Amino acid sequence: MQAAPVRATQVRTTATSGAPVRATAIPSVADALRAVESLLMSGGQRTARRNAWTSVLEDRRRAKDRVEALRVLEEAGTATRTS
């Protein structure tokens, strides 16, 4: 599973009064969806969904690696035939 980036809260002071001003980043859509998911589903369902998504990402990575390996093998076969 890919981790969501951590958003930092910045504290600045204004030039005129010197009072601290908080600038908080707006939550991303993914953060909002995770919050809704945590409210609607029990922990086991959340874990199952995350495990399923991790499997999907791993399958995509393996498919990409397989395509790349086939391309390299075909290029190697073509290079040996032309030599």
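When a residue number appears, it is its place in the shown sequence, counting from 1. What you see below is based on every heavy atom in this structure, not just the backbone, and it leaves out hydrogens, waters and symmetry mates. Because the structure is a prediction, the values reported are computed rather than measured.
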**Q** Verify the distance criterion only: is there a donor paired with an acceptor across the side chains of Asp31 and Ser28 at less than 3.5 Å?
**A** yes

**Q** With sequence neighbours excluded, what pairs up with Arg66 under the salt bridge (charged side-chain N to carboxylate O under 4.0 Å, His left out) test?
**A** none

**Q** What do you reckon, is CZ of Arg46 surrounded by more than 12 foreign heavy atoms closer than 6.0 Å?
**A** yes

**Q** Can you sort out the partners of Val36 under side-chain contact (heavy atoms from CB on, under 4.5 Å), two or more places apart, ordered by chain and number?
**A** Leu40

**Q** So Arg34 and Arg50, do their side chains get closer than 4.5 Å, heavy atoms only?
**A** yes

**Q** Can you list the steps and then say if Arg62 with Asp59 is a salt bridge (charged side-chain N to carboxylate O under 4.0 Å, His left out)?
**A** CA-CA 5 Å; Arg62 281 193 295 270; Asp59 288 346; 2.4 Å; yes

**Q** Look up atom OG1 in Thr78 and atom CG in Leu73, then write down how far apart they are to the nearest 0.5 Å.
**A** 10.5 Å

**Q** The criterion is side-chain hydrogen bond (donor to acceptor under 3.5 Å, both in side chains); which residues satisfy it with Arg71, sequence neighbours excluded?
**A** Glu68, Glu75

